[in-house]
Every structure is written in structure tokens, then in C-alpha cells.
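All remarks here apply to the structure that follows.
Any value given below was found using the heavy atoms of this structure, including those in side chains, with hydrogens, waters and symmetry copies removed. Just so we're on the same page: letters track the sequence lines, and every chain starts at 1.
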Amino acid sequence: MDGVIGYIVSVVVIPALLAAMVASIALVTPLRRRAWAVELAPAIALAVAFLVSFTNELGWTAVWRQVMRIEGDDLPFERWHRLGFAALVLVVLSMVVTAARSAVPKGGVHIVSIASLVVASGLAGIFVQFPQASLASQCGLGGLVLAAAAAAALAGSALYWVTWGAFGIVAAMAQIGGFASLAVMCGAVSVASLLVALVAALGGKYTRDAQPIEASGAPLLVVAAMLALTARCGDVWDQSQTPDWLWWVVPLVPGFALIFTPQALRAPSIAAATFWRTFGAALAGVAVLGAAIAMDASGSAADGDEEDPYADMYGG
Amino acid sequence: MTAMRNTLLCAALVVLSVSLAPMIATAPVPARQSATEASAITFDPVHSMAIFRVQHLGAGYFYGRFNELTGTATWPLDDSAAPAFDVTAEVKKVDTGSEKLDGNLQGPSFFNEAEFPTIRFKSKSAERIGERHWKVKGDLTLRGVTREIEADCTVTGIGKGPTGQKVGFECMFTIMRADYGMKWGIDAPKGALGNEVRMTIALEGDVAKAKE
């Protein structure tokens, strides 16, 4: 198999297909009638997509090296590798949150969700420290997890569709910024989210008493945490002319589902409402990505020889 | 009587000179440097660089360089002993002729400048293989990993500049970049970039003037 195609299959296609299989366990089987399964399986699926992509590129030692010494391993601790470990932690947290939401009385469900987001925000702020980290940057990272969760909650039934777009934007911006590894990992989550959205739509259509897709609990936790962490990581290592503020905006893109709220509320079906929410976030996503490409292009042109009136003096 | 006094005086002078001799011999040599004493050399960043070569897609060789190396060496100008090096390259000084590519190389898939901003070679021992030609062993620290390498080093010349005496060295060695955790493009994507990297280090430094 061609090297590049084999690579894409290994770090994007296989993780995404694996995620779709995990999500399918709950979304297209009788488990679709169970709220806990409809929450848990897609949440784990998205985290697994990132984790498998990460380990297919860097190996499991890159994950374990974050927390322990491994016999015979003398390669360095790299801070961005914490993303792989974070994905693993999110798998566990998803199980805990789903179990807790199932165990508490109905009134306590939202409290559990908010508490889990606060815990995830705190863990991110304390343990995920990229180079040049400061108290302000860590508070910012923790705050971004909460803000991303608030934004993703607005996507409602369109959560996986807008997640597809949001991770696609992070992947594209990482690629523009010269961070190919992060680009493929976010690409894997993006494709996985698209497959989960499709599977969820199919399962919802053909399963009697299917539980609806909602932006709450474990899926909200995974989407918000991973979006915030990958976006901050992409910004720290960005080699392009993309301004920092644009990286801060990306995790909030799902919140632009709000734009067409009136249309979504008046929509005759869940599918139509999902369309309007997705459309709103997609418009914002296109604007953010377009701005990133334009700013990088204008920055590169300003730095390049094209604008240099003395370019010829060196022999052209 | 006079003859006996002269003999005693001579004997006293001999004893005195013998007892003082070691003190005179160990007194510091002023002005001029001993021929076998190692000279301290400080590298001139403008004329010191590292060139790397790696195979692209299993086809052509791709070259890039690290500009403005800094560091020091010690070496006796008469080549009576081995040179010792301590050289540092800054990852942000990588130069491929393409800003985009420089950015990629500074990124985490390659040198990861944000976490590992410098590359350092510090020699430990050397073995003569010819006139002004040495096999130098030392530690190369790259991306936070330190491994022993063996460099083929040649003294390229001793010259005179406006600021004083200058010495040039050229060292060559080969590394496997995967040994330093830089694996992108070896297996994933397979064969995009070679594992073997040949390095040529060109150094020019100013010989420290002997203290007056």
C-alpha cells in the first residue's frame, strides 16, 4: 500500500471506523432505547477515535510515558502527548458520569453533568500544561473547557454533526500550522463524529422508542474537553500566521447552532431542527476556517519575497 | 683560607639554586603560550553552521542547515592533543529556504522547538586518525535524548583575521533520527523521509589571546 494512503488508513480511517463500531453498539441495537447507552457509547467512541489515532502514530508508550517510567524507554516526555492520556481519562470519566447520571434522581442529573465538567476543567487546567504555561494560560484552558461545553450544549440534537465540523476545522488549522500529527488525530475524531451522526440518524429512524441524541452528559464532556485541549495544543505549536484569538474561538463554534434557533424551534421534525442547528454552526465554521486561511496567506505574503522590493539584488 | 671561603660560598649557592629550582620551573609562563598548551576557541556564529541531509520519499536528498552555531573548543594549535568541543544549535535557526518547511521542522513532529529549543554536542574523548584528523566521541542531545555519537573531525585550517587567530573545523557524523524520538515519516507515513540523517558541522572560532 502506498505510504501516505497507508498512513491515512492507519491514523484516520481505522480509528474512525472503530469509533463507529463502538457507537453502533448502542445506536442501532435495542440498546438505543436506553438513555445511558445512547450517552455513553458515542462519548467513548469519540475519545477512542482520538486515542487509537494517537497510539497508531506514536505507540502506547507515548501514553504511558506521561504517568510512569517504562523499562527500556528513554525517549523524552513530550507535553503534547498528554492529549493521548487525556483521551484515555475521558473514556473512564464518561463511564463514571453516565453511571452517576443513571444513579441519581432526575433532578440531580444536571448537577452531575455540571460537576463532571468542572472536574474535567480542573484536571485540564492542572495536568495539561503546554510549553510556556502560566497560571493565566492554565486558567484559560480550564475556562475554555467550560465555555466549549456551554457552546456544545447549544447544538442539542446536532451535537455530532457540529462536532464533525469543529474537529475538521481544528484539523485544517493544525495542518496549516505545520502540526501534521494533530491534524490527522483531529481528522480521525471529525470523521468518527460524522459516522456517529449518521449511525445515530439511522438508528433513530429504524428503532422504535429510540432515545433522542442530546448534548449533555458524557458526550458533552468529551466533545468540550477534546475540542478545548486540541485547540490550545494547536495554538501553542502553530507555525502559521493564524492569530491566537482564532484558536480560542474554534471550540466555541458549536455554539453558533444558536443562529437558527427560531427555525429549529419551528421545525416540523427533529431531523429538520438538527439541520438548522448544524447549518448555523457550519456558517460559523466556514467563517473561522476562511479567516485562518486568509490570515495565514496574507501573513505569508507580507513576509515573502513577493513584496520585497530588493528581491532582485540577491540574483532573483 | 680564602680558597676555603670561596668553596663554601659555591657550595651554598649550589644548594640554594637546587632548592629554588622547582619553584622557578613551576612559575607561570608570562606572555607566550606553550606550544603544547590547548588553546581556548570560541566559535563565531556567523561562520559556524550545521548542514543536514535526509532522503525524501526514497528519492532525492534534501538539505537544510542550522545557522549560527555557538560554543567553544579547546585544541593545541600544534595538534599535539585532541580537540574537545561543546557546540550548541538553536532549533529556531533551522533554514531550509522555505519558511513553511522551517515551521514544520520546528514543530512537534520533528524538532519540537517549543519543548526542546537547543541541540548540543559535547565531546568526551578522541582518537587520532591522521594529521589534524580526529575521531571524536561525545554526547549529542537532541529532543531531550542524549546518545553517544562518533564524529569524524578535521582541522580545516588556522588563519589570521582582523581580530586575531582563527581555527576552522569540519565534523561529520550520521544519526538515526528515530533514536531521538523523531519518527514522523519513517513508518508513518512510510518512507516519506529517511531515518538516516547525515550531519556536516562547519565551525570557525577565534583563538583566545594569551593573557599578558
Show the nearest heavy-atom pair for residues [X] and [Y], with the distance to one decimal.
| X | Y | result |
| --- | --- | --- |
| A/Ala180 | B/Ser109 | N-OG, 4.3 Å |
| B/Arg147 | A/Leu75 | NH2-CD2, 4.1 Å |
| B/Glu115 | A/Phe77 | OE1-O, 3.8 Å |
| A/Glu57 | B/Trp184 | OE2-CD1, 3.3 Å |

Problem set entry | A/Ser10 portion near chain B, given a 4.5 angstrom heavy-atom threshold | neither
Problem set entry | Contact winner vs chain A - B/Asp102, B/Leu105, B/Asn112, heavy-atom pairs under 4.5 Å | B/Asn112
For this session: Count the heavy-atom pairs under 4.5 Å between each of B/Ala114, B/Gly107, B/Gly144 and chain A, then report the option with the highest count.
Result: B/Ala114
For this session: Identify the residues of residues 122-148 of chain A whose heavy atoms come closer than 4.5 Å to a heavy atom of chain B, ordered by number, or report 'none'.
Result: A/Pro131, A/Gln132
Seminar exercise, completed: So, the part of B/Asp179 with a heavy atom under 4.5 Å from chain A: the answer is backbone
Problem set entry | B/Ala192, part contacting chain A, at a heavy-atom distance under 4.5 Å | neither
For this session: Kindly compute the distance separating CD1 (A/Ile176) from NZ (B/Lys100), expressed to the nearest 0.5 Å.
Result: 7.0 Å
Problem set entry | Pairwise distance CZ(B/Phe116) to CD(A/Glu78) - rounded to 0.5 angstrom | 5.0 Å
Problem set entry | Leading residue by heavy atom contact count with chain B [cutoff under 4.5 Å; candidates A/Ala62, A/Pro76, A/Gly178] | A/Pro76
